[in-house]
Amino acid sequence: MVTLSIAEKDNTIATQLQHFLHNQGKSFCNDTLSNNHDYILITPAPHKKCDVVLVHNSSIAPCYADYMTILNADDTSALYNNKSLVVTYGFNSLATVTASSVILGPEQCNFLCCVQRAFVSLKGTFIEPQEIPITLSTQNIDIGTAMACVVLGLVLSIPTTKLNDFFKDIKYNTK
């Protein structure tokens with residue numbers, strides 16, 4: 001059982017994660033500690049603890065991470081917990097995971113999600129520097145949110161060949 005929390009305003013990442021996990025046959029629940037589920041999504045709150053915390057928007061108080069904190073490197077006010085491993089994502093050139101070769105089309109967006117520095121997933125998998133091609137079809141998700149989903153997928157040891165499954169049937173947003 002993995003507990004995780006996602007600090008974001010619109011629940012896009014949490015919704016995509018739940019959709020993806022359901023399609024992969026994984027069980028999940030919200031805010032209920034139970035050994036009957038593979039994943040438990042915890043509502044962000046500073047007094048709660050979980051295995052992985054993703055801070056996409058720092059205006060929402062995140063939980064405390066026991067293992068890993070995933071931070072939006074483009075949110076300059078993002079807070080982090082020094083006691084957990086930190087992985088960053090964003091367009092900031094110093095982020096652990098960045099985007100490059102972005103091609104915005106009328107019906108899809110293609111880009112490379114670039115792992116700049118190695119890190120270890122929750123299951124102990126060594127994630128080496130690499131470029132992961134991502135395709136977003138249509139227009140409802142921005143590239144920053146897509147990068148957050150990719151990093152969360154890597155942290156949860158989802159094979160890189162399945163990461164595009166996060167984005168099936170959703171649209172990208174050119175904001």
Side-chain angles (χ1 to χ4, degrees), residues 1-45 48-57 60 62-72 84-85 87-89 96-97 99 107-115 118-173:
M1 167 185 67
V2 174
T3 56
L4 57 108
S5 180
I6 302 171
E8 62 177 333
K9 284 188 178 179
D10 60 5
N11 289 328
T12 302
I13 299 166
T15 300
Q16 289 311 118
L17 177 65
Q18 289 176 12
H19 179 73
F20 176 81
L21 293 173
H22 175 75
N23 288 342
Q24 299 296 313
K26 301 289 185 185
S27 64
F28 62 90
C29 65
N30 293 315
D31 286 318
T32 305
L33 293 179
S34 165
N35 290 331
N36 299 334
H37 299 285
D38 298 310
Y39 298 93
I40 299 173
L41 301 176
I42 306 291
T43 302
K48 295 181 182 176
K49 283 182 20 174
C50 59
D51 299 317
V52 178
V53 171
L54 189 152
V55 182
H56 190 62
N57 186 306
I60 299 168
C63 293
Y64 170 83
D66 279 336
Y67 178 73
M68 183 173 290
T69 302
I70 303 168
L71 293 175
N72 180 351
S84 70
L85 299 174
V87 174
T88 58
Y89 67 91
T96 309
V97 178
E107 295 187 18
Q108 72 178 24
C109 171
N110 295 297
F111 69 96
L112 293 175
C113 202
C114 305
V115 178
F119 61 92
V120 179
S121 76
L122 266 177
K123 292 184 179 178
T125 305
F126 191 68
I127 309 298
E128 296 188 36
Q130 59 189 295
E131 293 181 338
I132 304 162
I134 299 296
T135 299
L136 304 175
S137 57
T138 56
Q139 293 192 5
N140 203 10
I141 188 170
D142 64 79
I143 295 171
T145 301
M147 281 192 286
C149 289
V150 169
V151 174
L152 186 55
L154 292 171
V155 167
L156 297 177
S157 298
I158 294 169
T160 56
T161 56
K162 295 196 177 270
L163 289 175
N164 272 304
D165 291 348
F166 262 109
F167 312 112
K168 284 186 177 175
D169 304 321
I170 62 167
K171 302 179 175 187
Y172 80 93
N173 189 337

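Note that the numbering runs from 1 along the sequence shown for the chain.
- Summarising the geometry of Q16 relative to C149, their closest heavy-atom pair is CB-SG, 4.3 Å, with the distance given to 0.1 Å.
- Under 3.5 Å, the side chains of N164 and T135 contain no donor-acceptor pair of N or O atoms.
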field: side-chain contact (heavy atoms from CB on, under 4.5 Å) between L136 and N110, worked out
entry: CA-CA 6 Å; L136 304 175; N110 295 297; over 6 Å; no
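- Side-chain atoms of Y89 and L71, non-hydrogen and from C-beta on, never get closer than 4.5 Å to each other.
- In this structure, CD1 on I127 lies 6.0 Å from OG on S157, to the nearest 0.5 angstrom.
- Contact annotation: the side chain of P44 never approaches that of I6 to less than 4.5 Å [non-hydrogen atoms, C-beta and beyond].
- The side-chain hydrogen bond (donor to acceptor under 3.5 Å, both in side chains) with T88 is formed by just one residue from the set T96, N72, T69; it is T96.
- Taking each heavy atom of I42 and C50 in turn, the nearest pair found is CG1-CB, 4.2 Å.
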task: Check the pair L54, S5 against side-chain contact (heavy atoms from CB on, under 4.5 Å), reporting the backbone distance first and the verdict last.
output: CA-CA 6 Å; L54 189 152; S5 180; over 6 Å; no
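- Residues S84 and D66 form no side-chain contact, since every pair of their non-hydrogen atoms from C-beta on lies 4.5 Å or further apart.
- Looking at N11, its side chain never comes within 3.5 Å of a backbone N or O of A14 through a donor-acceptor pair.
- To the nearest 0.5 Å, atom OH of residue Y39 and atom CD of residue Q18 are 13.0 Å apart.
- With hydrogens and angles disregarded, a donor-acceptor distance shorter than 3.5 Å links the side chain of Q130 to the backbone of E128.
- Atom CG of L21 and atom CG of D165 lie 11.5 Å apart (nearest 0.5 Å).
- Between I132 atom CD1 and L112 atom CG the span is 9.5 Å, to the nearest 0.5 Å.
- A distance of 8.0 Å separates CG in D10 from OG1 in T15, rounded to the nearest 0.5 Å.
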message: What verdict does the side-chain contact (heavy atoms from CB on, under 4.5 Å) test give for L4 and V155, after you've listed the backbone C-alpha separation in whole Å, the side-chain angles of each residue and the deciding distance to 0.1 Å?
response: CA-CA 11 Å; L4 57 108; V155 167; over 6 Å; no
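- For the atom pair NE2 (H56) and CD1 (I70), the distance works out to 12.0 Å, reported to the nearest 0.5 Å.
- Y67 pairs in a side chain to side chain contact (heavy atoms under 4.5 Å, CB included) with only one of the listed residues (V2, V53, L85), which is L85.
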- request: Check the pair D51, M68 against side-chain contact (heavy atoms from CB on, under 4.5 Å), reporting the backbone distance first and the verdict last.
  value: CA-CA 7 Å; D51 299 317; M68 183 173 290; over 6 Å; no
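- E8 and N57 get closest at one heavy-atom pair: CA-CB, 4.2 Å.
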